[in-house]
Trainee: 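Have a look at the structure that comes next, please.
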Amino acid sequence: MNNPAAELLQAQTHIYNHVFSFINSMALKSAVELGIPDAIHTHGNNRPMPLTELAAALGIEPERKTYLHRLMRLLVHSGFFFAVGEEEPAYALTPSSKLLVKDNPNCLSSFVKLVPRPEYVTPCYVVGGWIKGGGDKRAAEISFKPDQGGGANNNSSRQEGGDATASSSAFERAYGMPFWEYTDRNAGFNALFNDAMAEDSGMMNLVVGDCCGAVFRGVESLVDVGGGTGTFARIIVAAFPGIRCKVLELPQVIGRLASGRNSSGKLEFVEGDMFQCVPSAGAVLLRMILHDWKDEECVKILKKCKDAISSKGEGGKVIIIDIVMDEKKEVDHELVQTKLNFDMVMMFMLNGKERTEKEWERLFLEAGFQRYKITHLFGFRSLIEVFP
């Protein structure tokens with residue numbers, strides 16, 4: 001029997017959970033900044049770490065231990081830590097918090113610190129006005145000025161001019177400049193962004209060697225377009241020593257690479273702009289590039305990639321690692337939520353988008369490709385092979 005009051009109260013809870021959801025990301029960010037995952041990991045031997053010992057390890061005064069307890073209570077509920085004991089709880093890492101330990105080669109702590117920053121949150125305040133297409137006076141009130149100093153973003157080969165009025169993002173409305181320009185101007189944000197993107201790329205080492213043999217079999221040369229500092233390119237050449245790999249990036253990105261991270265052996269960094277020319281290769285890789293761009297810009301990029309592989313004769317292909325939206329068929333709610341969140345971020349930060357298979361197919365056909373194959377390998381991401 002239906003209970004209208006219970007339904008409305010449940011609806012209230014649903015609404016409140018959503019409007020307070022920012023607390024979850026901020027709590028996780030606080031845990032990383034405090035060093036909680038590292039402290040529990042250092043405690044060692046898979047022994048849960050008592051609250052008192054955790055507070056002492058973090059340098060938290062005894063009278064403030066209750067605040068730590070309440071923070072941990074939320075993070076335990078969210079699945080980031082296990083807790084045992086009642087009067088004096090003790091904590092252990094879960095698979096999720098193990099990814100936030102600095103010693104973990106797949107650490108994602110920089111990504112956790114990046115997304116809750118004002119640069120990602122502030123544009124949300126103007127999304128409503130931006131969607132309507134009109135002005136929003138709040139933008140000027142909440143804008144943050146970039147730090148002094150320059151920087152090169154991880155994928156700054158993605159930059160291209162355009163009509164700021166017609167194609168501006170919510171980020172540009174809030175900050176007065178496009179995202180990539182802001183990143184170039186703000187050295188601190190740029191460094192954190194690069195670290196976060198490198199961490200995200202690093203997760204690919206979990207699947208490339210075991211799951212991508214058929215994808216890279218027979219490939220002798222590869223261009224990683226917008227490959228930033230080369231994290232993913234290094235994973236590929238380590239897993240497939242027969243591949244010679246070039247990373248295409250803008251000069252300012254390559255110029256800021258630390259000694260020892262530049263061209264060497266089977267890995268070479270090449271200055272260029274993917275909107276102008278992509279170096280010739282047997283295969284071209286676009287990892288989380290196309291979701292940054294509107295359809296017409298994606299077609300331009302894909303055509304340059306097609307030219308690059310066509311010059312090597314038959315057998316070339318473009319390898320895309322990106323999200324494929326299919327929320328109506330997905331059964332994993334968390335997977336769907338992650339994809340939808342990424343789509344919103346792409347929309348208000350860059351005016352880009354995540355695409356359904358039909359939308360991907362439309363891009364490929366317009367760019368002159370004949371067929372494609374989608375393989376779901378990378379959690380919420382997919383691998384798409386596109387053939388001329």
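Because only heavy atoms are used, hydrogens play no part in the values below, and waters and symmetry mates are left out as well, while side chains stay in.
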Trainee: Can you find a heavy atom in the side chain of M197 that is under 4.5 Å from one in the side chain of F111?
Mentor: yes
Trainee: Identify the two heavy atoms, one from G368 and one from K306, that lie closest to each other, and give their separation to 0.1 Å.
Mentor: O-CE, 3.0 Å
Trainee: Quick one: closest heavy-atom pair of A57 and A39, and the distance?
Mentor: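 Nearest pair, atom of A57 first, then A39: CB-CB, 4.4 Å.
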Trainee: Measure across A170 and V126 and return the closest heavy-atom pair with its distance rounded to 0.1 Å.
Mentor: O-CG2, 3.4 Å
Trainee: Are the aromatic ring centres of F171 and F179 under 6.0 angstrom apart?
Mentor: yes
Trainee: Keeping the roles fixed (side chain from E199, backbone from S110), state whether a donor-acceptor pair exists under 3.5 Å.
Mentor: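 Yes, because the side chain of E199 sits within donor-acceptor range (under 3.5 Å) of the backbone of S110.
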Trainee: Is any side-chain heavy atom of F240 closer than 4.5 Å to one of K266?
Mentor: no
Trainee: Between the side chain of S221 and the main-chain N/O of G282, is any donor-acceptor distance below 3.5 Å?
Mentor: yes
Trainee: Give a yes or no answer on whether the side chain of E268 reaches the backbone of K246 with a donor-acceptor pair at less than 3.5 Å.
Mentor: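 Answer holds: no.
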Trainee: Check E33 with K29, please: is the shortest side-chain N to carboxylate O separation under 4.0 Å?
Mentor: yes
Trainee: Salt-bridged, K304 to D273, with N to O below 4.0 Å?
Mentor: no
Trainee: Over all heavy atoms of both residues, which pair between V215 and V219 is shortest? Give the atoms and the distance, please.
Mentor: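 Closest approach of V215 to V219: O-CG2, 4.1 Å.
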Trainee: Classify the ring geometry of Y16 against F20: parallel below 30°, tilted from 30° to 60°, perpendicular beyond 60°.
Mentor: perpendicular
Trainee: Check the side chains of Q337 and N341 for a donor-acceptor pair under 3.5 angstrom, ignoring hydrogens and angles.
Mentor: yes
Trainee: Angle between ring planes, F193 versus W180, binned at 30° and 60°: parallel, tilted or perpendicular?
Mentor: perpendicular
Trainee: With side chains defined as the heavy atoms from C-beta onward, is the minimum distance between L93 and F81 less than 4.5 Å?
Mentor: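 In contact.
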Trainee: Keeping N190 on the side-chain end and R185 on the backbone end, is there a donor-acceptor pair under 3.5 Å?
Mentor: no
Trainee: Are the side chains of L192 and F189 in contact, using a 4.5 Å heavy-atom criterion?
Mentor: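 No, too far: nothing below the 4.5 Å cut-off.
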Trainee: Would you call L302 and L290 a side-chain contact if the rule is heavy atoms closer than 4.5 Å?
Mentor: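 L302 vs L290: side chains touch.
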Trainee: Go through V115 and S25 one step at a time and tell me if the side-chain contact (heavy atoms from CB on, under 4.5 Å) criterion holds.
Mentor: CA-CA 8 Å; V115 176; S25 57; over 6 Å; no
Trainee: What are the two closest non-hydrogen atoms of N351 and S169, and how far apart are they?
Mentor: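 Heavy atoms only, the tightest pair is N-CB, 3.8 Å.
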Trainee: Between K353 and D295, does the side-chain contact (heavy atoms from CB on, under 4.5 Å) criterion hold? Intermediate values first, please.
Mentor: CA-CA 9 Å; K353 64 185 296 186; D295 288 353; 4.0 Å; yes
Trainee: Is it true that R355 and D322 make a salt bridge, defined as a side-chain N closer than 4.0 Å to a carboxylate O?
Mentor: no
Trainee: Taking all atoms of both residues into account, what is the closest heavy-atom pair of Y91 and P89, and its distance?
Mentor: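 Scanning both residues completely, I find the closest heavy atoms to be OH-CG, 3.4 Å.
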Trainee: When you look at W360 and V386, which way does the side-chain contact (heavy atoms from CB on, under 4.5 Å) test go after all the steps?
Mentor: CA-CA 10 Å; W360 281 114; V386 192; over 6 Å; no
Trainee: Less than 3.5 Å apart, any donor N or O on the side chain of E181 or Y175 sitting next to an acceptor on the other?
Mentor: no
Trainee: For F80, does its backbone N or O pair with a side-chain atom of S97 as donor and acceptor, under 3.5 Å?
Mentor: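 Side chain of S97 to backbone of F80, a donor-acceptor pair under 3.5 Å: yes, one is there.
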Trainee: Would a distance-only check, ignoring hydrogens and angles, find a side-chain to backbone donor-acceptor pair under 3.5 Å from D343 to E354?
Mentor: yes
Trainee: R381 pairs by side chain to side chain contact (heavy atoms under 4.5 Å, CB included) with which of H376, M204, K339?
Mentor: M204
Trainee: Determine whether a donor-acceptor pair (N or O, by modelled atom type, separation under 3.5 Å) exists between the side chain of N17 and the backbone of H14.
Mentor: no
Trainee: Determine yes or no for a side-chain-to-main-chain donor-acceptor pair under 3.5 angstrom, with S78 supplying the side chain and L75 the backbone.
Mentor: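 It does not hold such a pair.
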Trainee: Looking at E53 and P50, would you say the former's side chain and the latter's main chain have a donor-acceptor pair under 3.5 Å?
Mentor: no
